[in-house]
Novice: 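Got a structure for you, written out below as structure tokens; questions coming shortly.
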Amino acid sequence: MRKELLDIQEVDRYLLRGLTTADRLVFQARMLLSPDLRRKVKLQEKTHQLVRWYGRDLQREQLSAIHSQLMAEENFSQQITSIFK
Amino acid sequence: MQHDEQWLTALYRESFPQAARAIQQLGGDMDTAKDLFHDAVIIYLEKPGNSSFQIDTSAKAYLVGITKILWYKKCRTEHKHISIDDNETFASIPDDLHPDKEDIPVLQYLRTAGKKCMDLLQAFYYEHLTMEQIATVFNYKTGRSATVQKHKCLEKVREQVKQTEAYAERVA
């Protein structure tokens, strides 16, 4: 893999707690010295968060489909609508 | 790919009516009950070890309980008076369950322009599939080539995040 991808992999290991304690300390020391590395870590953390939101949205889509499918069943639909009468 | 459809449908069928009743009793309507219940299922599925294929009473009780807590949280956010004033009650709800307003444009952009990468990344970081499973789902020859693609995608999305100026300012 080219260097940029190896760097990404290392930041990922740091964020996902995949580094040994010693490597973690070294990484943190490097972060202290390098604003560029700190920025990369922050951006990657934000990327993880965006991926999480994306994953949740996909899950919500699946749940909405299940909801519609169940509401198409007469018994289920009656049971739910009677609650909100 | 998401969770097993049949299992999830059964869980929904078993639990939603009770959650809906609870929300109705607290003064909510059906759409609110539905949205909060969906968030509760998401929280449940995100708990490690919960993607099993069993529906026991504890799963149902958990979902109804979390749906109610989400209702209280929603009321608190909307400054309505509620008697619960206990941060511990809300501890089971992730702070970033929904994106902030300023996160929505970039998320929308990634949904369309970066869908392929986002699908692959969420399979790993959100669904926690192994790289071998991902290789099968996304048609890569080996887990190793899927891993390289995952890193490329991470790089691409990170670059897109960086280029969103408002974003760059906020995370700087």
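So you know, we letter chains A, B, ... as the sequences are listed, proteins then strands, and number each from 1. FYI, side chains are in, hydrogens and waters are out, and symmetry mates aren't considered; it's all heavy atoms of this structure. Everything numeric in this text was worked out from a predicted model, so none of it was measured.
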Novice: Please classify the contact between A:L63 and chain B as side chain, backbone, both or neither, with a heavy-atom cut-off of under 4.5 Å.
Specialist: both
Novice: Under 3.5 Å, is there a donor-acceptor pair between the B:Q160 and B:Q163 side chains?
Specialist: no
Novice: With chain A, which of B:H98, B:Q25, B:K152, B:E159 has the greatest number of heavy-atom pairs at distances under 4.5 Å?
Specialist: B:H98
Novice: Is the gap between the ring centers of B:Y126 and A:Y54 under 6.0 Å?
Specialist: no
Novice: Does any backbone or side-chain atom of A:H67 lie under 4.5 Å from a heavy atom of chain B? Answer side chain, backbone, both or neither.
Specialist: both
Novice: Given the options B:D96, B:V41, B:D39, which has more heavy-atom pairs under 4.5 Å with chain A than any of the others?
Specialist: B:D96
Novice: With respect to chain B, which residue among A:E45, A:E61, A:R38, A:R52 yields the maximal number of heavy-atom pairs within a distance under 4.5 Å?
Specialist: A:R52
Novice: For B:S15 and B:V64, work out which heavy atoms get closest and say how close.
Specialist: O-CG2, 4.2 Å
Novice: Considering only heavy atoms from C-beta outward, does the side chain of A:Y14 approach that of A:M31 to under 4.5 Å?
Specialist: yes
Novice: Taking the side chain as everything from C-beta on, heavy atoms only, tell me whether B:T9 gets closer than 4.5 Å to B:Q6.
Specialist: no
Novice: Is A:D7 in contact with chain B via its backbone, its side chain, both, or neither, using a 4.5 Å heavy-atom distance?
Specialist: neither
Novice: Mind ranking B:P99, B:P17, B:C117, B:A123 by heavy-atom pairs under 4.5 Å with chain A and telling me who comes out on top?
Specialist: B:P99
Novice: Measure across B:I43 and B:S92 and return the closest heavy-atom pair with its distance rounded to 0.1 Å.
Specialist: CG2-O, 3.6 Å
Novice: Taking B:D100 for its side chain and B:D103 for its backbone only, find out whether a donor-acceptor pair lies under 3.5 Å.
Specialist: no
Novice: Are the charged groups of B:K150 and B:E155 less than 4.0 angstrom apart, N to O?
Specialist: no
Novice: Let me know if B:K156 has heavy atoms under 4.5 Å from chain A in its side chain, its backbone, both or neither.
Specialist: neither
Novice: Could you tell me which portion of A:Q44 (side chain, backbone, both or neither) has an atom closer than 4.5 angstrom to a non-hydrogen atom of chain B?
Specialist: both
Novice: Name the option with the most non-hydrogen atom pairs under 4.5 Å to chain A; the candidates are B:L121, B:V157, B:L110, B:D119.
Specialist: B:D119
Novice: Looking at chain B, which one of A:R56, A:E4, A:R60 has the largest number of heavy-atom pairs inside 4.5 Å, strictly under?
Specialist: A:R56
